[in-house]
Engineer: 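Sending over a structure as structure tokens; questions will come in a sec.
All figures in this text were calculated on a predicted structure; none of them were measured in a lab.
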Amino acid sequence: MPLGPGQRVLAVADDLSGAAETAAALLSRTTRTRVLLDPRTATPAPSGTTTVFDLDSRQLSATGAADRITAVMTGLAPGTLVLKKVDSLLRGNLAAEIAALAATGRGVLLAPALPTAHRTVRDGVLHTDGVPLHTGNAWRAETAPPPRSIAEALRAPVALLGLASVRGPAHLLRTALSEALATGLPVVADAETDTDLDALLAAALDVDPRVALAGSGGLALALGRSLDGGPPAPLPPPGPATRPLLVVVGTAEPLATEQVRRLVTDGAALYSLDPGAPYPGDPLPPLCPGITVLTLRPGGPPDPAAARAIVRNLARTAAALLDAAPGPADLVLTGGETARRVLEALAVHELRPCGQVHHGAVLATTPDGRTVVTRPGSFGDADSLRLIARALRAPAARDPAAHTTAPHPAADATPAARTAVHPPPDPGRPAPTPRRTSHDHAKGPFMNATPAAPAGTEPTAAEKSDALPVIAVTMGDGAGIGPEVIVPALLDPGTLSRIRPVVVGDAERLRRAAELVGLADRAEIVTVEGPGDAEYTPGRINVIDLGLLPADLPWGTLSAVAGDAAYQYVRVAAELALSGAVQGICTAPLNKEALHAGGHLYPGHTELLAHLTGVEEVSMMLSTDTVKVIHVTTHIGLIDAVKRIEPGLVERTVRRGHDALVRAGVEHPVIGVCGINPHAGENGLFGYGEEEEKIVPALEILRADGIDARGPLPADTAFFLAGRGDYDLIVAMYHDQGHGPVKILGLEAGVNLTVGLPVIRTSVDHGTAFDIAGTGTADPGSMIEALRQAAALAPSPTG
């Protein structure tokens with residue numbers, strides 16, 4: 001059960017980005033949070049506010065860090081829940097801080113896994129992307145060698161709580177944890193998923209509510225999920241593009257260079273400082289309206305010994321730019337040390353989080369009216385800064401032509417980096433769709449139409465083609481039927497009239513598939529470097545050939561090689577979409593077991609694309625001409641699904657489905673929301689009041705906002721009514737509740753859409769079908785429909 005709204009929580013972190021990440025995780029609709037840099041300057045906390053302290057102990061001595069932990073633990077009010085945010089890569093004064101927590105006699109549970117960043121713990125060893133920390137390069141900027149285990153990082157014996165115990169029955173987990181805590185040693189817990197962390201937290205609170213919790217942002221998110229009130233409200237709308245936005249990048253992570261480059265290609269100005277130069281360096285031109293990036297000039301490996309002085313100089317330069325700005329400016333600060341020093345230089349001692357742009361990228365306000373985004377240096381993918389800029393300054397980030405800032409004389413950008421490119425598609429901009437009624441199924445579930453041109457201005461064939469969206473078609477698992485449905489779908493006469501398709505996959509595998517389906521004489525399969533090199537003529541199939549599959553790969557057989565290749569196809573397609581090179585993605589099926597065997601631990605396409613595009617939460621929507629359904633939960637067990645369902649998740653899922661329908665031309669969608677229990681609980685006769693607790697509060701909020709969401713409905717009745725046209729969309733609570741009816745009503749023409757991504761994504765609604773792969777008998781109907789719906793939802797590249 002959720003913790004009550006009066007629960008006292010003390011959260012502490014060793015740097016500012018970690019403190020902000022923790023505060024955002026604990027934020028809810030009823031609980032506000034704040035981050036204090038200096039408790040001495042704090043105003044009294046309003047009722048219902050959780051305070052997170054930045055102890056600024058990352059760079060202190062071990063003794064100094066321990067003293068700060070001891071100080072904040074002294075005199076705690078009874079019943080206070082303690083959460084110590086630790087670095088997810090075990091950096092900082094971890095040993096001294098955990099020892100100081102243990103010295104209070106509370107007992108310590110340390111669970112540093114961060115599943116959203118693919119940092120997991122197995123057998124007491126931290127893994128990053130499946131690789132043990134001590135064998136990878138995640139510690140390249142540190143002076144000491146990486147620890148081989150968490151026990152080694154703590155420099156003390158520990159009690160290990162293994163994955164088998166974590167995933168066992170709840171009562172056995174409580175027993176194992178109780179026995180581990182009784183040893184008096186810090187308890188190190190294995191975990192690989194958010195469900196593991198939820199189970200650990202529930203067990204700890206049951207066994208001993210006084211236990212000191214220590215973990216990364218993953219454990220903070222688990223605690224946030226357990227707090228009463230549900231998730232926070234959506235982020236505030238972006239501010240005006242004319243207000244200056246200063247992005248300060250002080251991290252030594254190599255990915256930061258690419259993040260900066262992509263932001264500069266969208267029109268941001270770049271100041272690149274010499275890390276070895278003293279402060280003040282050469283005078284910089286004044287901060288201009290729009291987006292400016294302040295970073296360090298690349299040059300050799302980072303020097304950890306000089307890092308603190310370099311960051312202070314960077315912070316003072318940022319403060320000088322802001323002081324000289326013609327008006328108020330907002331900030332993006334990457335790296336906890338950088339963020340702290342910049343805010344100190346501006347005399348800002350408090351942040352008030354509003355939410356997260358993506359995991360770890362926390363949007364907050366300051367008492368003096370600034371908007372600030374903080375983010376750990378090691379977080380985010382190559383488009384992280386783009387996503388953040390879009391959340392703060394949408395017009396500038398989405399349309400370089402609307403705001404292209406000429407680089408300042410001091411800018412150190414290459415000419416290529418200053419060339420404007422198309423930004424990622426704007427998921428908030430409606431596709432050009434005609435109005436249609438909820439019962440207009442003759443045209444298909446989502447149809448796009450282009451208005452007729454005035455007489456005498458009919459566009460040429462080339463102009464018509466240029467106006468069509470470019471869709472990246474990923475080949476899926478090469479051992480399955482993906483190649484066999486792609487070839488006939490791309491040769492279908494209607495496909496080139498709607499889209500310009502480019503396959504990301506294996507050209508030779510597609511040639512073999514063309515032979516299997518009897519289309520080798522009609523299909524010209526041509527390798528291209530990218531969408532810009534492709535020609536879109538009948539019979540031609542353009543392929544970005546990654547060449548990952550061996551020539552003798554058997555059809556219909558599970559293969560780790562094919563699983564890894566399927567991941568790489570999606571990764572490349574996501575990069576193309578985020579860069580603006582394509583306007584959407586259409587995916588052929590992959591095999592989850594093969595994907596995992598290939599080293600990529602994602603439940604499926606939905607979660608994989610969410611990670612690759614930097615989105616925390618998306619929804620799966622299945623669509624046929626008869627019924628459309630969106631899922632509140634998908635690839636988790638039924639018991640876990642019921643536990644995960646809560647009003648905030650239901651509300652966000654309904655909103656994503658509503659927005660997708662509006663963009664597709666349904667002006668006022670009618671949405672039926674299923675219950676969890678048979679007969680939707682029948683007024684408490686079935687279940688334990690889950691509908692009233694988890695669904696009804698969300699429906700009340702949605703209706704107050706003008707969304708026509710009805711329910712909770714018995715699932716069998718809901719799908720019957722949707723089948724006859726009463727509902728535009730059904731909201732299913734768990735995987736089989738939605739998938740079963742859809743597959744009965746329209747499997748062959750069904751399409752899987754992912755809603756909530758920054759790019760359009762559609763997919764076939766069938767699997768790899770290993771039993772018929774290689775026989776040439778697979779039906780391409782679902783792939784043709786998926787491409788048609790991608791065309792309907794994707795924006796025009798010229799729009």
Engineer: May I ask you to decide if A100's main-chain N or O and T104's side chain share a donor-acceptor pair within less than 3.5 Å?
Structural biologist: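 No, because the side chain of T104 does not come within donor-acceptor range (under 3.5 Å) of the backbone of A100.
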
Engineer: Contact between T128 and W139 at the side-chain level, heavy atoms closer than 4.5 Å - yes or no?
Structural biologist: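 No, side chains not in contact.
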
Engineer: Would you mind telling me which of R91, R58, K85 makes a side chain to side chain donor-acceptor pair (under 3.5 Å) with D14?
Structural biologist: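 So, applying the side chain to side chain donor-acceptor pair (under 3.5 Å) to D14 and each of R91, R58, K85, only R58 qualifies.
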
Engineer: Looking at CD of E607 and CG of L601, how far apart are the two atoms once the value is rounded to the nearest 0.5 Å?
Structural biologist: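 It is 12.5 Å, given to the nearest 0.5 Å.
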
Engineer: Check for a donor-acceptor pair, side chain of S57 on one end and backbone N or O of L60 on the other, with a separation under 3.5 Å.
Structural biologist: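 Not confirmed, S57 side chain does not pair with L60 backbone.
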
Engineer: Please give me the minimum heavy-atom distance between V121 and A189, naming the atom from each residue.
Structural biologist: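 Shortest heavy-atom contact: CG1-O, 3.8 Å.
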
Engineer: If you compare all heavy atoms of L201 against all heavy atoms of S226, which two are closest, and at what distance to 0.1 Å?
Structural biologist: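 So the two residues come closest at CD2-OG, 3.7 Å.
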
Engineer: Locate the shortest heavy-atom distance separating L110 from G215; write the atom from each residue and the value.
Structural biologist: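 The answer is CD1-N, 4.4 Å.
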
Engineer: Sorted by first residue and then second, give each side-chain hydrogen bond (donor to acceptor under 3.5 Å, both in side chains) pair with at least one member in residues 189-203; sequence neighbours left out.
Structural biologist: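 Passing the test, one end in residues 189-203: R122-E192, R167-E192, R167-D196, T193-D196, T195-R644, D198-R225.
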
Engineer: Please verify the inter-ring angle class for Y567 with H600; under 30° counts as parallel, over 60° as perpendicular, anything in between as tilted.
Structural biologist: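 Y567 vs H600 ring planes: parallel.
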
Engineer: Could you grab the distance from atom CG of L314 to atom OG1 of T295, nearest 0.5 Å is fine?
Structural biologist: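 The OG1 atom of T295 is 7.0 Å from CG of L314, to the nearest 0.5 Å.
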
Engineer: Contact between L16 and L351 at the side-chain level, heavy atoms closer than 4.5 Å - yes or no?
Structural biologist: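 In short, these two side chains touch, coming nearer than 4.5 Å.
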
Engineer: Mind running side chain to side chain donor-acceptor pair (under 3.5 Å) on T51 and R34 for me, showing each step along the way?
Structural biologist: CA-CA 5 Å; T51 298; R34 62 177 183 168; 3.1 Å; yes

Engineer: In sequence, state the C-alpha distance, the side-chain angles, and the governing distance for L181 and V207, and then conclude on side chain to side chain contact (heavy atoms under 4.5 Å, CB included).
Structural biologist: CA-CA 9 Å; L181 288 169; V207 169; 4.1 Å; yes

Engineer: Hey, mind stepping through Q59 and R340 against side chain to side chain donor-acceptor pair (under 3.5 Å) and telling me if it holds?
Structural biologist: CA-CA 12 Å; Q59 305 295 336; R340 170 106 191 181; over 6 Å; no

Engineer: Looking at every heavy atom in both A113 and T120, which two are closest together, and how far apart are they?
Structural biologist: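 Taking every non-hydrogen atom into account, CB-CA, 4.2 Å.
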
Engineer: Decide yes or no for L27 and Q356: does some side-chain heavy atom of the first lie under 4.5 Å from some side-chain heavy atom of the second?
Structural biologist: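 Not in contact.
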
Engineer: Rounded to the nearest 0.5 Å, what's the gap from CG on L26 to CD on E21? Could you check?
Structural biologist: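 Answer for the CG-CD pair, L26 versus E21, is 10.5 Å.
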
Engineer: Is H127 reaching over with its side chain to a backbone N or O of L133, donor-acceptor style, under 3.5 angstrom?
Structural biologist: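 No: the side chain of H127 does not pair with the backbone of L133.
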
Engineer: Counting C-beta onward and ignoring hydrogens, is there a side-chain heavy-atom pair between R174 and L177 closer than 4.5 Å?
Structural biologist: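 No - every pair of side-chain heavy atoms lies 4.5 Å or more apart.
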
Engineer: Would you say that L90 contacts I150 through its side chain, given a criterion of any heavy-atom pair below 4.5 Å between the two side chains?
Structural biologist: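 A side-chain contact exists here, since the closest heavy-atom pair is under 4.5 Å.
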
Engineer: Does the side chain of L161 come within less than 4.5 Å of L200's, by heavy atoms?
Structural biologist: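 They are in contact (side-chain heavy atoms under 4.5 Å apart), so the answer is yes.
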
Engineer: Can a donor-acceptor pair be found, under 3.5 Å and without considering hydrogens, that links the side chain of T22 to the backbone of G18?
Structural biologist: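 The answer is yes, because a donor-acceptor pair under 3.5 Å joins these two groups.
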
Engineer: Are L154 and V188 packed together at the side-chain level, in the sense that at least one heavy-atom pair is separated by less than 4.5 angstrom?
Structural biologist: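 The answer is yes; the side chains approach within 4.5 Å.
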
Engineer: Which value, rounded to the nearest 0.5 Å, describes the distance between I388 atom CD1 and L363 atom CG?
Structural biologist: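 These two atoms lie 9.0 Å from each other.
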
Engineer: Counting distance only, does the side-chain N/O of S216 pair as donor-acceptor with the main-chain N or O of S88 below 3.5 Å?
Structural biologist: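 Checked: no pair found.
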
Engineer: Distance-only criterion, 3.5 Å: show the donor-acceptor pairs between side-chain atoms of residues 70-83 and protein atoms not counting sequence neighbours.
Structural biologist:
residue	atom	partner	partner atom	Å
T70	OG1	A66	O	3.1
T74	OG1	T70	O	2.7
T80	OG1	A77	O	2.7

Engineer: Mind checking the CZ-CG spacing from R119 to D129? Nearest 0.5 Å is all I need.
Structural biologist: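 Result: 8.0 Å between the selected atoms.
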
Engineer: Does R370, at its CZ atom, have more than 12 non-hydrogen atoms belonging to other residues, nucleotides or ligands within less than 6.0 Å?
Structural biologist: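 More than 12 heavy atoms, drawn from other residues, nucleotides or ligands, come within 6.0 Å of this atom.
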
Engineer: Give the C-alpha distance, both sets of side-chain angles, the deciding distance and a yes or no for side chain to side chain contact (heavy atoms under 4.5 Å, CB included) between E152 and H134.
Structural biologist: CA-CA 11 Å; E152 183 175 305; H134 62 278; over 6 Å; no

Engineer: For the pair R106 (side chain) and R210 (backbone), establish whether a donor and an acceptor sit closer than 3.5 Å, ignoring hydrogens and angles.
Structural biologist: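 Yes; judged by distance alone, with no hydrogens or angles, the pair exists.
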
Engineer: Give me the one residue out of L392, T366, L245, L322 that meets side chain to side chain contact (heavy atoms under 4.5 Å, CB included) with L331.
Structural biologist: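 The passing option is L322.
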
Engineer: If you look at every heavy atom in H359 and L221, which pair is closest and at what distance?
Structural biologist: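 Nearest heavy atoms, H359 then L221: CE1-CD1, 3.5 Å.
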
Engineer: Checking side chain to side chain contact (heavy atoms under 4.5 Å, CB included) for the pair E179/T175: CA distance, chi angles, key distance, verdict?
Structural biologist: CA-CA 6 Å; E179 292 173 350; T175 299; 3.6 Å; yes

Engineer: To check you understand the geometry: which heavy-atom pair defines the closest contact between G217 and L114, and what is its length?
Structural biologist: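 The answer is C-CD1, 3.8 Å.
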
Engineer: Please check if the side chain of R341 supplies one atom and the backbone of V311 the other of a donor-acceptor pair under 3.5 Å.
Structural biologist: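 Answer holds: no.
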
Engineer: Starting from the C-alpha separation in whole Å, work towards a yes-or-no answer on side chain to side chain contact (heavy atoms under 4.5 Å, CB included) for L37 and V348.
Structural biologist: CA-CA 8 Å; L37 284 68; V348 173; 5.8 Å; no

Engineer: Just verifying a value: how many Å separate L343 CG and H349 NE2, rounded to the nearest 0.5 Å?
Structural biologist: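 Separation between the atoms: 9.5 Å.
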
Engineer: Counting C-beta onward and ignoring hydrogens, is there a side-chain heavy-atom pair between R375 and V357 closer than 4.5 Å?
Structural biologist: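 They are not in side-chain contact.
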
